[in-house]
Every structure is written in structure tokens, then in C-alpha cells.
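In what follows, a single structure is set out as C-alpha cells and then discussed.
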Amino acid sequence: YPSAAALASFLIANHTDPEVHRTYGHALFGMGEHKRALAAYKSALDLMWKPAESVGGAEWTELVWRVAECQRLTNDFIGQKMTLERIKAPQRPLKVNVALGGLYRRFGSDAFAIASFQEALVQNPFAV
């Protein structure tokens, strides 16, 4: 991870390709630097977003998941919930539904927690 982070840090200065920022985020995440990885992932998301396109592809969803993981590891649970809620309900993968269920339960929103866990169980009966 350190060599990937070093290489990406040189490329990131003048690059508008979200792949460079995402790679840098992955390297930082792997080294345990979650706050810096969060910034890199957010930059990649900002570069991916285009008003004319519909947001919500698998690549975008995975990047949003990585942002939420960084927020979880830095104890920003409110930010994590808000980030995961950006993914539209029909496009949420299993791990997002389970994470949202836990977050809703943490914040006392039992009805939303139950709905998220039920959706996770629809996707995989062994999920919860």
C-alpha cells in the first residue's frame, strides 16, 4: 500500500480522473489512514458526478460504500448514515441494507431498521 500511495500522491495533483483518486483512497485505506482516504474517495465521487448522468451505477455505489466505511472507522455515524442514504433503495446492495439497519437501530429509528433488515433478508435469507 505505501508504494501505491506514494505513486498516486504524485499523480493526484493535476489529475481529474476519478480512478486516480479512488486508487489513492484504496492505498490510504489499506494503510489505515481513514481520514485521508475519505478525502480521496470524496474527490473521486465529485469527479464522477455529472448532472446529465443518472447517479447510481455499481462503480458509484461501491465508492459511496467506501466513503461510508471511512466515516464508520472515524466514528462519524451520522455522516455514514447520510452517505449510505444517497444510494437509492432499489440499488442498495446487501451490505448497505445491513449497515443502514444497524445505523437506524443505533439512532432509535426502529421502523427504518426493520425495513432495512427485511430488505436485506429478501436479498439473502442468511444475511442477518
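Values reported hereafter were calculated over all heavy atoms of this structure, with side chains retained and with hydrogens, waters and symmetry mates removed. Keep in mind it's a predicted model, so treat the numbers as computed, not measured. Along the sequence shown, residues are numbered consecutively beginning with 1.
Taking 4.5 Å as the limit, some side-chain heavy atom of Ile87 sits within range of a side-chain heavy atom of Trp60. Looking at Val98 and Ser116, their side chains never come closer than 4.5 Å, going by heavy atoms from C-beta outward.
Under a 4.0 Å N-O distance rule, the pair Arg72/Glu69 qualifies as a salt bridge. A salt bridge links Lys95 with Glu62: the closest approach of a Lys/Arg side-chain nitrogen to an acidic carboxylate oxygen falls below 4.0 angstrom.
Across all non-hydrogen atoms, the minimal contact from Ala37 to Cys70 is CB-SG, 3.9 Å. The shortest heavy-atom contact between Ser43 and His21 is CB-ND1, 3.5 Å. Contact record, Glu119 with Asn97: CG-ND2, 3.4 Å, taken as the closest heavy-atom pair. For Leu63 against Ala44, the heavy-atom pair with the smallest separation is CD2-CB, 3.6 Å. Of all heavy-atom pairs spanning Ala99 and Leu84, the tightest one is CB-CD1, 3.8 Å. Closest of all the heavy-atom pairs between Ala113 and Gly101 is CB-O, 3.5 Å.
The stretch residues 18-33 participates, sequence neighbours left out, in these salt bridge (Lys or Arg N to Asp or Glu O under 4.0 Å) pairs: Glu19-Arg22, Arg22-Glu59, Glu33-Arg36.
Between His34 and Phe29, the two ring planes are perpendicular [angle over 60°; tilted spans 30° to 60°].
If you take CG on Leu73 and CG on Leu38, they are separated by 10.5 Å, rounding to the nearest 0.5 Å. Interatomic distance, CG of Leu45 versus CZ of Arg66, reported as 12.5 Å (0.5 Å rounding). The OH atom of Tyr41 sits 13.0 Å away from the CE atom of Met48 when rounded to the nearest 0.5 Å. Here Leu103 contributes atom CG and Gln80 contributes atom CD; the two are 4.5 Å apart, rounded to the nearest 0.5 Å.
There is no path of hydrophobic side-chain contacts, each under 4.5 Å, that joins Ile114 to Val122.
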With side chain to side chain contact (heavy atoms under 4.5 Å, CB included) as the criterion, how do Phe107 and Ile78 come out once you've worked through the C-alpha distance, each side chain's angles and the decisive distance to 0.1 Å? CA-CA 9 Å; Phe107 292 118; Ile78 294 171; 3.7 Å; yes
Between Leu47 and Asp17, is a side chain to side chain contact (heavy atoms under 4.5 Å, CB included) present by the stated rule, with each step listed? CA-CA 7 Å; Leu47 292 170; Asp17 182 9; over 6 Å; no
Carefully, step by step, assess Tyr104 and Glu85 under the rule side chain to side chain contact (heavy atoms under 4.5 Å, CB included). CA-CA 11 Å; Tyr104 288 138; Glu85 286 174 338; 2.7 Å; yes
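Gln71 and Thr83 share a side-chain donor-acceptor pair at under 3.5 Å.
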